Each structure stands twice: as structure tokens, then as C-alpha cells.
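Reading through the C-alpha cells given below for one structure.
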Amino acid sequence: MKKYLPALLVVLLPILAFAEDLKRADGTTFKATVVRAEPDGLVVQTDSGVEKIDFVFLSDELQKRFKYDAAKAREYRANQVVAHQQAVSQQISQQMAAIRAQAQAIDQKQSQLPSPQEAERRIQIEKSVIFATATIEQGTSKGVRAGLTVLNGRAAATMLDKDTRTTTSLGDGFIYGLEGAAGESWQGKIYPAGYFHYTDSFGEEQTVRAYALTVEDAITHGADGRGPSVPSVDPTAVQRLLPSGLRGGTLLDK
């Protein structure tokens, strides 16, 4: 405590030293320390705290001592009112700007949400996922062209069960986003993504089924949510036959 006493005295001594008896306009006095003088009144420190007293409520002696001028006081108060109004207006403007920014953020977020049709399309694409083996025939900057096969059926759980696994070919396809060189193999999930057109070594245009590694890429490259399928001896398999119609990069039912 002794260590903090000098610092405490430095703070308190000015208040104690300048505390004085101030007179009101009605002749009564009160003890206070003048904190500062403003054109229209005094800001004082009393036992109750800090308060402001207008000069009209103080004695003539105090008014003369602090050079009170009624005209300057009115001008000062008018300026204070204008300053307060400007501060309030600025605060309201800032709040409105914040509200507009929040509304724009909400609108932008809502605009990014998929429509019911897009959401249904995404669900259908997710359902059409295939776990395939790709034997890469050619790598490109966009992806790879590969021969695709899928494994159907189930492995035998015991020696008494029958192994119903069969391999079905999907033919050639193009997988967007996959990197690899000719002769390499890859296994993983792929999603139907419309069709891919290319020119072969004989200069003829070819069209193959396209796939993507993610739903987002499948949508970007034209997936329509009606994925290709393959025959299966397993009744729980979800694959069916590839539709034969090709037009404009979309699947067409027969």
C-alpha cells in the first residue's frame, strides 16, 4: 500500500487543493472542485460525483469570474445541438449501412443456394455414383480417357456361399479431373457428367460417356442426374443399362 500512496496523492491532491465553496444564484453554497468551465456552465466534482451546473443557477460572482456571456452560451448550446444531431445522423447512417450490408450478404447467400430442381438434380447425381476400375488409354489436361469396368455381385462370405461377383464393361469413357498415363489403372467413385467429344487419330469425331470425381464437377460438365448403369446378378445393385440416345451432352431415355 505504501508503494501506491504517492501516486494516489498525486491524483487526489489537485482535487483536495482546489475544492472550494461555490455559491448558487439563490445564495446557498456547496463545496466542489471546478473541473472545467464551458460557455454555458461549470463542470464540477462534488461528493455526489461529476455534474454540470448552468451559469444561470450560479451566483453573479461566479458568472463574472468565468466570464459568462449569455449570447455565447446560446451559440454554444446551439452548436452542441447541431453536433449531437450530426453524431446521431452519422450513427444512424452507419447502422443503415450495416443493415444493408447484412441484407446483401443474406441475398448473396440465398442466391447461391440451389433451387429445388437443382437440389433434386444433385440428389439424383449422388445416387448415380459408380465404383469403377479405369484402365487409362490417354491422359489429357482435362482428364483421362479410359476403359471402364465395374464389379457386381458379392464375394462369398463363407466357403459354402457362392461368389456372385462379375465384371461388367462400361466401354470407353472420359473422367474429368483424373490424372494418369496410358497403361495405368485407377479405382474409385465416379459420377456421370454428360458426354465428352474428341477427335481420334484418324480425324474422326468420337463421343464417349463422361464422368467426374465429384458431384460439383459432374454438374459443371453437364450431368443430368440420370446416371449410367450396368446389369447385375445382385438384386441389391442399383446399376442398369446405359441409355443409347446421345444428344447435346445429355442423357435421353428411349
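Reckoned from all heavy atoms, side chains included, excluding hydrogens, waters and symmetry mates. This one's a predicted model, so the numbers in the text were calculated from it and none came from an experiment. Residues: numbered from 1 along the sequence shown.
- Within the 4.5 Å cutoff, no side-chain heavy atoms of Ile219 are placed close to those of Glu216.
- Residues Tyr198 and Glu205 bring no donor and acceptor atom of their side chains to less than 3.5 Å of each other.
- The side-chain hydrogen bond (donor to acceptor under 3.5 Å, both in side chains) test applied to Glu75 returns no partner, not counting sequence neighbours.
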Step by step, work out the side chain to side chain contact (heavy atoms under 4.5 Å, CB included) result for Ile106 and Lys109. CA-CA 5 Å; Ile106 293 174; Lys109 186 175 181 180; 5.7 Å; no
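- A heavy-atom distance below 4.5 Å is not found between the side chains of Tyr191 and Tyr211.
- The main-chain N or O of Arg24 is never found under 3.5 Å from a side-chain atom of Thr28 such that the two would form a donor-acceptor pair.
- In this structure, Phe55 is not a member of the same hydrophobic cluster as Val50, with clusters built from ILVMFWY side-chain heavy atoms closer than 4.5 Å.
- A salt bridge links Arg77 with Asp54: at least one charged nitrogen is closer than 4.0 Å to a carboxylate oxygen.
- Ile130 and Val208 fall into different hydrophobic clusters, where Ile, Leu, Val, Met, Phe, Trp and Tyr side chains are chained together by heavy-atom contacts under 4.5 Å.
- The side-chain heavy atoms of Phe196 and Arg209, taken from C-beta on, include no pair separated by under 4.5 Å.
- The two residues Pro192 and Ser128 come nearest to each other via the heavy atoms CD-OG, 3.2 Å.
- Taking 4.5 Å as the limit, every side-chain heavy atom of Thr168 sits out of range of all side-chain heavy atoms of Thr149.
- Atom CD in Gln63 sits 10.5 Å away from atom CG in Asp69 (nearest 0.5 Å).
- Between the CD1 atom in Ile99 and the CD atom in Gln94 there is a gap of 12.0 Å [rounded to 0.5 Å].
- Counting non-hydrogen atoms of other residues, nucleotides and ligands closer than 6.0 Å to CD of Gln102 gives a total of 12 or fewer.
- We find that Asp40 and Lys52 are joined by a salt bridge, their nearest charged nitrogen and carboxylate oxygen being less than 4.0 Å apart.
- In summary, the side chains of Gln86 and Gln90 do not present any donor paired with an acceptor at a separation below 3.5 Å, with no hydrogens or angles considered.
- Put simply, NZ on Lys23 and OG1 on Thr29 are 8.0 Å apart, with the number rounded to the nearest 0.5 Å.
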Could you walk me through whether Glu20 and Arg65 pass the salt bridge (Lys or Arg N to Asp or Glu O under 4.0 Å) check? CA-CA 14 Å; Glu20 57 183 304; Arg65 173 182 165 187; 2.9 Å; yes
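- In this structure, NE2 on His221 lies 8.5 Å from CZ on Phe174, to the nearest 0.5 angstrom.
- Looking only at side-chain heavy atoms (C-beta outward), Phe66 and Val34 come within less than 4.5 Å of each other.
- Between Glu126 and Arg122 there is a salt bridge, with a side-chain nitrogen of the basic residue lying less than 4.0 Å from a carboxylate oxygen of the acidic one.
- Taking each heavy atom of Thr46 and Glu51 in turn, the nearest pair found is OG1-OE2, 3.6 Å.
- Taking 4.5 Å as the limit, every side-chain heavy atom of Leu151 sits out of range of all side-chain heavy atoms of Thr133.
- Of all the heavy atoms in Gly180 and Ile136, the pair that sits closest is CA-CD1, 3.6 Å.
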Side chain to side chain contact (heavy atoms under 4.5 Å, CB included) between Leu58 and Tyr68: does it pass, once the steps are laid out? CA-CA 10 Å; Leu58 296 174; Tyr68 168 64; over 6 Å; no
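- Of the inter-residue distances, the one linking Thr33 atom OG1 with Leu22 atom CG reads 8.5 Å to the nearest 0.5 angstrom.
- Leu148 places a side-chain heavy atom less than 4.5 Å from the side chain of Ile190.
- Residue Gly147 comes nearest to Glu137 through the heavy atom pair N-OE2, 3.5 Å, listed as atom of the first residue, atom of the second, then distance.
- Just one residue in the list Leu42, Val44, Val43 forms a side chain to side chain contact (heavy atoms under 4.5 Å, CB included) with Val35, and that residue is Val43.
- Under 4.0 Å is where a charged nitrogen must lie from a carboxylate oxygen, and between Glu38 and Arg36 at least one such pair does.
- Taken to the nearest 0.5 Å, the CD atom of Glu118 stands 10.5 Å off from the CD1 atom of Ile125.
- Counting only heavy atoms from C-beta outward, the side chains of Tyr176 and Thr220 never approach each other to under 4.5 Å.
- Residues passing the side-chain hydrogen bond (donor to acceptor under 3.5 Å, both in side chains) test with Asp172: none are found, sequence neighbours excluded.
- Distance alone, capped at 3.5 Å, places no donor-acceptor pair between the Gln124 side chain and the Arg121 backbone.
- A donor-acceptor contact shorter than 3.5 Å is absent between the side chain of Gln187 and the backbone of Ala134.
- More than 12 heavy-atom neighbours from other residues, nucleotides or ligands sit within 6.0 angstrom of CG on Asp200.
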